[in-house]
Asks: 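First, the structure itself, so that you have it in front of you.
Hydrogens, waters and symmetry mates play no part in the numbers below; they use all other heavy atoms, side chains included.
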Amino acid sequence: MAMARNVLIAQGALLGGLALALLVREFPGLIREIRIIRMMDDHAGAR
């Protein structure tokens, strides 16, 4: 029982680490997309 729990904890840590690495890698692109969306909203509101 303890072995299965340790495996689940290890898998959770691995998935969390992969998700964090993906987020860090994609962060600059996400920031750029957010800026583009905000600029589009500003232009739409000015009309």
Asks: In the hydrophobic clustering that connects Ile, Leu, Val, Met, Phe, Trp and Tyr at side-chain heavy-atom distances below 4.5 Å, which members other than Phe27 occupy its cluster, ordered by chain and number?
Replies: Ile31
Asks: Looking at residues at least two apart in the chain, or sitting in another chain, which of them share a side-chain contact (heavy atoms from CB on, under 4.5 Å) with Ile36?
Replies: Arg32, Met40
Asks: When rounded to the nearest 0.5 angstrom, what distance separates CE in Met39 from CG in Asp42?
Replies: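 That separation rounds to 8.5 Å.
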Asks: So, using side-chain contact (heavy atoms from CB on, under 4.5 Å) as the criterion, who are the partners of Leu15 when residues are at least two apart?
Replies: none
